[in-house]
Amino acid sequence: MSLDLIAIKTLCSDRGKLAMAVVGVAFSVILVNVQVGLFLGLMRKAGMLVDYSQADIWVGHQRMHNVDFARDVPRRWMHRIKAVPQVERVEPLLIGFSEMTLPSGSFESVVVVGLEPQATMGRPWNLDSDDWRVVARCDAVIVDAFDSDKLEAPQVGELREIGQVRVRVVDQSRGILGFLVTPYVFTTFSRATQLLHRDPRHCSYFLVRVEPGADVEAVCQQIRERIPDLDAYPAATYSRISQQFWMTRTGIGLSFGAATVLGLIVGLVMVGQTLQSMVLDRRSEFAAMKAMGATHHQLFRILAAQSTFLALVGGLVGLAGVILIHQAFSTPRAPIETPWWLTSGSLGLVTLICWLAALVPYLHLRRIDPLLVLQGN
Amino acid sequence: MAFASVCTVRPPDAASPPEAGVVVMRGVCKSFIRGRNVTEVLRGVDLVVPQGSCTFLVGPSGCGKSTLLSILGCLLTPDRGDAWVLGQHLPSLDECGRQQLRAARIGFVFQRFHLLRGLTALENVAAPLALAGMPPVAARRRAAELLEAVGLADHAASDIRRLSHGQCQRVALARALANDPELILADEPTAALDETSGRQVMELLHRLLSEFRKTALVVTHDNRIFPFADRIWRMEHGQLFPWQPAPLAMPLSLVS
């Protein structure tokens, strides 16, 4: 018989209160994981083009801040970048907004991404045909299957108009969805200039691959020094910059953060309420324990064991809920990213919250007078 | 209820009790402040409880019996006078010393048992051993022995909510003996029990006292159990007087 066992058995003896606290903790874990998971999923979408580009460095106009909102730079600067030591390959990428005409007569804004047919970086992935070269066909564009509803179910071989120019859907990708609700459409660089009505002598970005073993940061610095009008970032950095653009401009972080904090507060209140109510219910028992010589340290240990138990049980129930929600509701459109550090971090956070919740009942418990049990109570 | 001491005068030299006894009190005073009123509950109490005796403390409600028991149980300190429990001079002990004395050498039996709900009888008896830091296996073994001693070996695994009041008080007796204390303080141990259960509990207490060589001080109103006392003190107006109950008030048939 240990103090921990006494703590857990007395807690479990009141199943109603136990269930309430477990639900509170599970709710906290679910809310933290789903909210942060949705946030991470959205943020991943904000940097998805960069993350999947297989480029080491993204080069664009000075002060570039979001992959979808680029400013054109002269394409001829590509040769100057190629001349930078340790640069192995440079490819241009054009990106811009246009409109696709739909069969119903309506139209939908799209983000057109143009690449050379022989491009090795920035290409769409998860293609049905698994062959990017299909884009070299006449009027070819590639759309994403998950944007089917918005684009009114375009089929391979179907003709559409983008920017009043005829295009033919030649393939579909699966899961290339940006932070914006605007679908991505991939095509060749030259066709993209037509669809976007842009000067073919300009492009939006240069995607750079460096030689194996090269110092990417140093190459970026050399590109900036060589062409001061350009900014160059390692792909991971530019992905983060693109994500921060949405975080700072939209306040999305605050919104998701507030919901997460709310979830934690709910857990705090419910666990605190349960422990407090248990202490109140068992005042005479705690008084008897004090009379028998229990120290405040031992009584705190009982509360700490109970709150840890609640955190563990509630956390496991919550994680089961997270798995179910992930299976049922996570889609490429609204992905719920739950990496290991999030799930384990949420468990740690909830455990801390549970310990915190034990403080008020503990202060109450300290004030319980052992004389209580010698007054006929 | 919150109490506040009026004064805490400590004697300069109180190293050893003036006479032999598990409990020795000399001129103990205790007052409480309730609002603007000062109530003097104990007014110079003198008491000696010899080793191995079962001493009863009787008196009307509110006369200070529980206060006296609280002082002996190291839950209160006297304002004036000297008190020795098991050779320890109580006014000289700090909170930690009182807590240690309570935990290691004094056992409590309460009127309403105050067993821990949700635990079995065995676990309740083992609880003070856990508080004392005894390893779980040894604590369970000791608790099982004590439950056998109080005749509840068959109920060791029973949830205490399923036990009768009499059985609960027997569990509480076993719990009070768990840490092998030298002094048992019982506060109205039969008040919540019917006549038969009360008699059984007192018979058990009496047997355990002689079997385990313990000393007990029992606060009670219950004249049915007076025959179990070696000595009875009556408290009146904050002072103790030796007392002999009227023979007709004593149901001698209850004596085992």
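A, B, ... follow the sequence lines: proteins, then strands. Residue 1 opens every chain. Atoms considered below: every heavy atom in the structure, side chains included; atoms not considered: hydrogens, waters and symmetry mates. Everything numeric in this text was worked out from a predicted model, so none of it was measured.
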Practice task
Answer whether the closest heavy-atom distance between the side chains of A/Lys9 and B/Leu116 falls below 4.5 Å.
Solution key: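 No; the side chains remain at least 4.5 Å from each other.
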
Problem - Side chain to side chain, A/Ile6 and B/Glu123, heavy atoms closer than 4.5 Å - result: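 Contact flag for A/Ile6/B/Glu123 side chains = no.
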
Problem - N/O donor-acceptor pair under 3.5 Å between B/Arg102 side chain and A/Ala294 backbone - result: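 Such a contact is absent between B/Arg102 side chain and A/Ala294 backbone.
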
Inspect the surroundings of [atom1] in [X] and state if more than 12 heavy atoms from other residues, nucleotides or ligands are less than 6.0 Å away.
X	atom1	value
B/Phe212	CZ	yes
B/Glu148	CD	no
A/His326	NE2	yes

Quick one: pull up [atom1] in [X] and [atom2] in [Y] and give me the separation to the nearest 0.5 Å.
X	Y	atom1	atom2	value
B/Leu76	A/Asp369	CG	CG	7.5 Å
B/Arg112	A/Glu285	CZ	CD	13.5 Å
B/Phe110	A/Met292	CZ	CE	6.5 Å
B/Met134	A/Ser2	CE	OG	14.0 Å

Handout entry: Part of B/Leu115 within contact of chain A (heavy atom distance under 4.5 Å)
Key =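 For B/Leu115, backbone heavy atoms alone lie under 4.5 Å from chain A.
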
Problem - Interface moiety of A/Asp14 toward chain B, non-hydrogen atoms closer than 4.5 Å - result: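 Contact with chain B: none, neither part.
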
Handout entry: A/Arg301, part contacting chain B, at a heavy-atom distance under 4.5 Å
Key =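 Interface part for A/Arg301: neither.
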
What is the minimum heavy-atom distance between [X] and [Y], and which atoms define it?
X	Y	answer
B/Leu75	A/Ala291	CD2-CA, 4.1 Å
A/Ser13	B/Gly118	CB-CA, 3.3 Å
B/His114	A/Ala288	CB-CB, 3.6 Å
A/Thr295	B/Gln99	CG2-NE2, 3.3 Å

Exercise for the section: Please determine, among B/Arg175, B/Lys65, B/Gln100, the option with the most heavy-atom pairs under 4.5 Å with chain A. Expected result: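 Result: the option with the highest number of such pairs is B/Arg175.
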
